[in-house]
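Working notes for the structure below.
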Amino acid sequence: MECVFGMVGKGFALVVADTSAVNSILVHKSNEDKIMILDSHKLMGASGEAGDRAQFTEYVQKNVSLYQFRNGIPLTTKAAANFMRGELATALRKNPYMVNIVLAGYDKETGPSLYFIDYIATLHKVDKAAFGYGSYFSLAMMDRHYHPDMTVEEAIKLAEQCIEEIRSRLVVAPQNFVIKIVDKDGAREHSWRRTTKD
Amino acid sequence: MVLSLSRSLGHNKSHRLFLPLCFNLCSIQLCISKITDQMSRRYDSRTTIFSPEGRLYQVEYAMEAIGNAGSAIGILSKDGVVLVGEKKVTSKLLQTSTSTEKMYKIDDHVACAVAGIMSDANILINTARVQAQRYTLSYQEPMPVEQLVQSLCDTKQGYTQFGGLRPFGVSFLFAGWDKNYGFQLYMSDPSGNYGGWKAAAVGANNQAAQSMLKQDYKEDISREEAVQLALKVLSKTMDSTSLTSDKLELAEVFLSSSGKVKYQVCTPDALSKMLVKYGVTQPPAET
């Protein structure tokens with residue numbers, strides 16, 4: 001029941017993820033941050049098998065840092081996305097990572113971008129993306145209300161509408177959501193949408 | 001993509017050293033069996049030991065070998081990089097359309113000029129090409145020029161530190177363009193050191209060529225002026241009395257009008273015309 005979705009606006013990209021950590025019928029915690037900040041201008045929302053999620057996202061983040069230390073320049077979002085896809089593809093026929101990722105980044109030359117990377121190493125550059133059961137609702141909502149070059153306020157409002165839809169229509173809906181944003185000033189946490197305190 | 005080398009050596013007093021050396025994605029594995037004899041007193045017969053003065057003789061001898069090879073000059077201009085090489089093998093029978101002696105393309109945005117032992121150069125050029133493609137496979141972007149040079153130099157350094165294999169007897173001049181630093185020129189030598197240069201020379205008489213370049217190089221030199229300077233300097237440092245287009249190779253790396261990186265080797269005819277135009281050779285006399 002993990003929900004991750006994202007969209008691109010005017011000069012920024014947004015990723016929203018639920019914050020529940022669940023094991024069968026038990027909710028371990030409702031403030032698990034599933035959106036990792038890869039570097040100054042990249043965000044990665046991940047959903048899937050909890051152990052794989054942590055392992056893979058940390059591995060990617062450390063490799064992105066290593067590249068920057070070695071070469072003095074950061075990876076572009078496209079390069080990072082392709083690197084991730086390559087790692088997933090290599091592991092796929094041996095020991096697959098069960099992780100789905102929405103990667104958002106901002107590059108000076110090309111602006112904001114969003115990548116959909118699923119656990120079988122599909123890579124798509126997109127304007128809006130979603131994973132999980134929540135995707136049925138959030139994608140539908142975004143298809144209806146998304147338009148290119150939205151402002152931050154419009155995008156947040158659309159994200160809230162998606163969250164509302166997930167909360168009201170998904171049978172075991174996650175309690176809390178976190179919204180993170182990346183723009184020319186960097187990647188940072190934007191806000192939370194809580195129904196329960198943890 | 002695996003580049004693998006294996007070699008076994010026998011010394012008269014030592015055990016047989018079996019040294020398989022395999023390169024794969026960013027890792028080098030090595031096995032050495034123990035040597036039980038006394039160390040030979042001549043420090044230069046082993047690549048992997050220092051002399052008492054702190055020198056690596058094999059590396060220096062490799063650079064000596066390059067000092068006898070055909071020279072190459074590279075000049076960085078604001079709208080491109082120029083590479084000129086002196087050909088040692090000149091014969092009417094040589095197939096010039098299909099074979100190049102000095103200039104090689106590594107990737108769409110990087111090319112190099114070579115000075116030294118050609119067979120060694122071929123190995124390294126292939127390694128560089130594989131590294132460039134491996135990067136593009138991972139990141140779907142062209143490999144930044146400095147990273148390519150660094151990666152190749154790391155390979156070269158391996159041969160000065162372990163394995164017991166001799167260093168490569170080649171120096172390179174890399175010319176390329178990337179979006180981070182624009183046009184770049186790098187020189188690398190058998191030790192695995194490299195540097196970014198505005199103008200550089202390798203091969204025979206490179207000291208003389210380098211000092212000439214230092215005098216005449218201007219900061220905002222254009223590509224055409226750079227070609228002129230390179231041809232002038234090469235003609236002065238080359239041993240041969242007259243310079244003709246069949247003794248030279250000229251290549252340029254620049255951006256085409258559509259913004260893509262172009263690597264162009266000059267045709268012999270165009271080169272002859274240029275040599276005359278810049279006053280490097282006399283126009284052909286009627287005999």
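Here is the naming used below: chain letters follow the sequence lines, and residue numbers restart at 1 for every chain.
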Atom CZ of A:Arg188 with >12 non-hydrogen neighbours under 6.0 angstrom: yes

Least distance between heavy atoms, A:Tyr67 atom then B:Pro144 atom: OH-CG, 3.9 Å

Heavy atoms from other residues, nucleotides or ligands near NZ of A:Lys10 exceed 12 (cutoff 6.0 Å): no

Exceeds 12 heavy-atom contacts within 6.0 angstrom, atom CD of B:Glu60: yes

B:Tyr194 OH: over 12 foreign heavy atoms closer than 6.0 Å: yes

Crowding at CD, B:Gln207 (>12 non-hydrogen neighbours, <6.0 Å): no

CZ on A:Arg70 to CD on B:Gln147, rounded to 0.5 Å: 9.5 Å

Heavy-atom pair with the smallest gap, counting every atom of A:Lys78 and B:Glu141: CB-OE2, 4.3 Å

Interface residue of largest heavy-atom contact number with chain A, from B:Glu146, B:Gln140, B:Gln150, under 4.5 Å: B:Gln140

Spacing of A:Arg85 atom CZ and B:Ser138 atom OG [to the nearest 0.5 Å]: 9.5 Å

Closest heavy-atom pair and its distance - A:Ile73, B:Tyr181: CG2-OH, 4.2 Å

Inter-residue atom distance A:Thr76.OG1 - B:Lys179.NZ, 0.5 Å rounding: 5.5 Å

NZ/B:Lys78: more than 12 non-hydrogen atoms of other groups inside 6.0 Å: yes

Pair B:Tyr135 + A:Phe83: ring centers closer than 6.0 Å: no

